[in-house]
Amino acid sequence: MEHTEPHSTEPEMANRQGAAQRPNGAQGKICQFKLVLLGESAVGKSSLVLRFVKGQFHEYQESTIGAAFLTQTVCLDDTTVKFEIWDTAGQERYHSLAPMYYRGAQAAIVVYDITNQDTFGRAKTWVKELQRQASPTIVIALAGNKQDLANKRMVEYEEAQTYAEENGLLFMETSAKTALNVNDIFLAIAKKLPKYDQNQGQSGQGQGRRLAEGDQGAKTPGNCCK
Amino acid sequence: MDEEYDAIVLGTGLKECIISGMLSVSGKKVLHVDRNKYYGGESASICPLEELFTKFGANAPDESYGRGRDWNVDLIPKFLMANGSLVKLLIHTGVTRYLEFKSVEGSYVFKGGKIAKVPVDQKEALASDLMGMFEKRRFRNFLTYVQDFMQDDPKTWKDFDPTTQNMTALYEKFGLDKNTQDFTGHALALYRDDDYLNRPALDTITRIKLYSDSLAKYGKSPYLYPMYGLGELPQGFARLSAIYGGTYMLDKPIDEIVLGEGGRAVGVRSGNEIAKCKQIYCDPTYVPDRVRKKGKVIRCICLLDHPISNTKDALSTQIIIPQKQVGRNSDIYVSLVSHTHQVAAKGWFIGMVSTTVETDNPENEIKPGLDLLGPVRQKFVSVSDYYEPIDDGLQSQIFISQSYDATSHFESTCLDVLDIFKRGTGEEFDFSKIKRDLDLEEQ
């Protein structure tokens, strides 16, 4: 059965090609993907991540979450998909997102607020930006968030769905508040991503290494960045 | 923009981005502005390749250069010392999570018209063709002394006081000849000139230890280079600042620094908008009347379709040409990075030759470096003034960084940043402020 695992993630690995343990102990493929969030301020990007990663929702979520990125795993048959989720940290506000943000991203969720037509227009701009800046193979999902406020809807479901189909995007309406479709949208992305085993030494990133304190070329468990 | 901030940072070069990150982490409300529409200023990596050609007024590159988007060309060449201050800053701040690195494959020194691998341990010293047999033994003894040396344990100083006796005296103690002194001072301790010989030996010993500790970290050379180019570094620190609440505005021209009582900075003006602040941190280009010229640096970007001869076809390397070898006062640095770092299209290499300008014909000065590169497909030369602030900024509360110097690594960059932070805030940067929040993501 497919399900998301709300367990804690292992400490950041010194080297991307390290092995990770599957929650049930079975030896399967482990794939790690960088996923970026895009969308106007206040459409609920951080709330979607917090719902997905921690199962939490705060009505007055602060505009940044104060973490480099969050990680969460999804299990698909014999594959563990580990998402490294990057939030914009507010850098979208004055159109100051750095190219680094898109770099190596294998998936993106473009979020808009179904009660605000402008945010849907901006979402289309973000999709164009991704097509220009990101890898051509990036998997893009469009999320019409705040579905719990459907009585104030300004963006029709069909309109967004048609747009998504025309542009080859996954599409769901979501609610970080009620958790509607939150796990599902990540799961749908996980299914669509190409799976190659990280233990075979392949990764979608630039094939370099990350640095960690006490790094002597080997992994130093639990000693990273402390 | 019409708000009040603790600090406004102007320019998104590496130094300003590190400072911005440190200020945000320390709880300051920061506005970070750049007049350009891209991050990095002078420390950007230019992408796509067409833009680099345009920048230097050259005709567009032909199709042999591959896809322009595959190129990220640094304007200022530098490497990170694996055990150096920038790596420590990256790890402590967690910015290392946004970056991937590769070890630089080779470290060479120029001697008698050709290049030789820089020997760093006993084994390499004995195999090196830089020295004769007896000199090799003396050099090995010297290396052993440096490796065993501990600053806080005078027993390891062995009847030599490195805090008062100079480096010439230490060389003499081990009987090292001029040639060995030359590559030790320039290729291991990474001095640009020979002033160090007359200063206490402690600094040189510390630098050689940094070199060998860095080498011990990842192997082939003491240097690291980030995937996608050095321009990733300022972006990483900018993200750190943003995560801690920093506000970012690119493509925002700054028309004026607004001064208040006693010439103190109270804000910046862009068009009709004024952002208020208590302090300003910026690079020299934002305050031309508050900096002075200190010298010139020449940098030459060379696009090559082959590796450098006699480096075992290394995909990345550094070659140091010590001043005396070519009758100069300061060293010439040659660096090479390539497609393996995602900074060039497949099959391509980017060589850089740089040095401190000493004559009226700087292009002629870098010739020994260019000669090592072999045939060059395209060459871009820039000669930049090197600026330093005229005062410490305490009166005006405008804290200005120095221009990037000709050194081949980031040690002086970090020293400047830590010094600016201390002047600006009155305290040393407290690394412990970061830990709590970093733990968050590992819950």
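Naming: A, B, ... by sequence-line order, numbering from 1 per chain.
At most 12 heavy atoms of other shown residues, nucleotides or ligands fall within 6.0 angstrom of atom NZ in Lys128(A). Taking a 6.0 Å sphere around NZ of Lys124(A), one finds it holds more than 12 heavy atoms contributed by other residues, nucleotides or ligands. Heavy-atom neighbours of Lys177(A) NZ from other residues, nucleotides or ligands within 6.0 Å: at or below the threshold of 12.
Of the possible donor and acceptor atoms, none in the side chain of Tyr94(A) sits under 3.5 Å from a partner among the backbone N and O of Asp251(B). Judged by distance alone, with hydrogens and angles left aside, the side-chain atoms of Gln235(B) form a donor-acceptor pair with the main-chain N or O of Met100(A) at under 3.5 Å.
Heavy-atom minimum distance, Leu211(A) versus Thr96(B): O-OG1, 3.1 Å. Gly208(A) and Glu100(B) make their closest contact through N-OE1, 3.0 Å (heavy atoms, listed as atom of the first residue, atom of the second, distance).
Taken to the nearest 0.5 Å, the CD1 atom of Ile91(B) stands 13.0 Å off from the CZ atom of Arg210(A). Distance check: Lys37(B) NZ to Ser96(A) OG gives 13.0 Å after rounding to the nearest 0.5 Å. Atom CZ in Arg69(B) sits 7.5 Å away from atom CZ in Arg132(A) (nearest 0.5 Å).
Proximity to chain A is limited to the side chain of Tyr39(B), based on heavy atoms less than 4.5 angstrom apart. In this structure, chain A has no heavy atom under 4.5 Å from any part of Ser103(B). Within the 4.5 angstrom heavy-atom criterion, only side-chain atoms of Val87(B), from C-beta onward, approach chain A.
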Tell me, with the steps shown, if Tyr248(B) and Glu92(A) meet side-chain hydrogen bond (donor to acceptor under 3.5 Å, both in side chains).
-> CA-CA 9 Å; Tyr248(B) 275 82; Glu92(A) 82 284 9; over 6 Å; no

Evaluate the criterion side chain to side chain contact (heavy atoms under 4.5 Å, CB included) for residue pair His95(A) and Met249(B); output intermediate values, then yes/no.
-> CA-CA 7 Å; His95(A) 316 296; Met249(B) 286 185 192; over 6 Å; no

Carefully, step by step, assess Asp87(A) and Ile243(B) under the rule side chain to side chain contact (heavy atoms under 4.5 Å, CB included).
-> CA-CA 9 Å; Asp87(A) 205 345; Ile243(B) 280 168; over 6 Å; no

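In this structure, Arg239(B) fails the cation-pi test against Tyr101(A), since its NZ or CZ atom is not both closer than 6.0 Å to the six-membered ring centre and inside 45 degrees of the ring normal.
Of the residues considered (Leu99(B), Asp34(B), Thr12(B)), Leu99(B) shows the highest number of contacts with chain A, using heavy-atom pairs under 4.5 Å.
Listed by chain and number, the residues in a side chain to side chain donor-acceptor pair (under 3.5 Å) with Thr413(B) amount to none (sequence neighbours excluded).
The pair Arg97(B)-Glu84(A) does not meet the salt-bridge criterion, since no charged nitrogen lies less than 4.0 angstrom from a carboxylate oxygen.
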